[in-house]
Every structure is written in structure tokens, then in C-alpha cells.
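The next block holds one structure in the form of C-alpha cells; read it before the comments.
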Amino acid sequence: MKRLMLILLLSFCLFPVVQAQKGLHIGEFFNRKFAKATLVQVEGRELKPYHLTLYRSFSIGEPENVADRMEQCVMADARLAYSKETGELGERLYYAFLALPPREGQQANRYIFYRNASLRQGGKDELTLVYMEGSVTMDELKKLFKK
């Protein structure tokens, strides 16, 4: 019985994180396992100095298998953005900064950052996707990413 209670308690603790990208196309990259991918998730007091409550990142060193799909998902979620900054190399999306409205019933700002470094000549063969929530502004985030 204690085991069952522990499992239920843990599932309720994890529910908000799973809900974070609910309704967003990029959620599939945080909710599936990919070979040679690195997933990072940070919550809590470590993020307080950055005015964030949730930070999730996905990076993969061999992007050719997922780059097209990720680009499609980012562009689909960009339709929801109230503020966006994008850059292209050729006909491909090189980077995107997206500011999304808060989730229903929430107040936290939501942000998506995307970069396909493999598109730059001599660039690192890496694809990065970051999802963040908090009271941070887009300008503050841009400064953090430039550091």
C-alpha cells in the first residue's frame, strides 16, 4: 500500500512538467527517447536568479534524423506566439525565439528557443530546442543566451 501511495504521489509531482508543453507540437521531443540526444530539465531554486520556474532542453549531435520534424513543430508552435524572432539560412530555419501566451489558468510566460547549428558552414553538428517558463522577459532571455 505504501508503494502504491508513493507511485501516486510521484505521478502527481511529475504531472505539471508533462503538462508544460501540452498543446505544443515541440512536446514530442521532450516526451520520447531519441538515440544520441541529451535532455536536461531544471526546476526550483536553481532557476530563481533567472526568473524562471522551468527549463527543459533537448539537444542532439546528429540532427539529420530529426531536424525536419523539429523545424516543422517549431514553425507550427510559432503560430501561437505573440512575439517571435527567426532567422533562416537558405530555405531552412536556423534559429527561433518565440514568446507564447501563458497556459490556461497560469501566469508564467512561456518561451521556445530553437537553433540548428549544423546549417552554418563549419558549424557544430547540433540541433537545440529549449522550453522555458517564468516571469523573465524576452529581452532578459536574449541577454542570457548571448553570454
Atom pair [atom1]/[atom2] of [X] and [Y] - distance to nearest 0.5 Å:
| X | Y | atom1 | atom2 | value |
| --- | --- | --- | --- | --- |
| K124 | T128 | NZ | OG1 | 8.0 Å |
| M138 | K84 | CE | NZ | 11.0 Å |
| N31 | F58 | CG | CZ | 11.5 Å |
| D77 | L24 | CG | CG | 4.5 Å |
| I26 | L129 | CD1 | CG | 4.5 Å |
| E126 | S118 | CD | OG | 9.5 Å |

Is there a donor-acceptor contact under 3.5 Å from the side chain of [X] to the main chain of [Y]?
| X | Y | result |
| --- | --- | --- |
| R110 | P102 | no |
| E88 | L93 | no |
| N109 | V136 | yes |
| N116 | A67 | no |

Compare all side-chain heavy atoms of [X] with those of [Y] and state whether any distance is below 4.5 angstrom.
| X | Y | answer |
| --- | --- | --- |
| K142 | E85 | yes |
| F29 | V66 | yes |
| R56 | V40 | no |
| L89 | R120 | yes |
| L47 | T53 | no |

Y111-Y131 aromatic ring centre distance below 6.0 Å: no
Check: Y50 ring centre within less than 6.0 Å of Y55 ring centre: no
Full working for side chain to side chain contact (heavy atoms under 4.5 Å, CB included) between Q41 and F30: CA-CA 9 Å; Q41 179 174 314; F30 298 105; over 6 Å; no
Ionic contact status for R92 with D68, cut-off 4.0 Å: yes
Residue among Q106, R103, E43 satisfying side-chain contact (heavy atoms from CB on, under 4.5 Å) with E133: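 Only one of Q106, R103, E43 forms a side-chain contact (heavy atoms from CB on, under 4.5 Å) with E133, namely R103.
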Provide the closest heavy-atom pair for [X] versus [Y] in the form atom of the first, atom of the second, distance.
| X | Y | value |
| --- | --- | --- |
| C73 | E28 | SG-OE1, 3.7 Å |
| L98 | A81 | CB-CB, 4.3 Å |
| I60 | A35 | CD1-O, 3.5 Å |

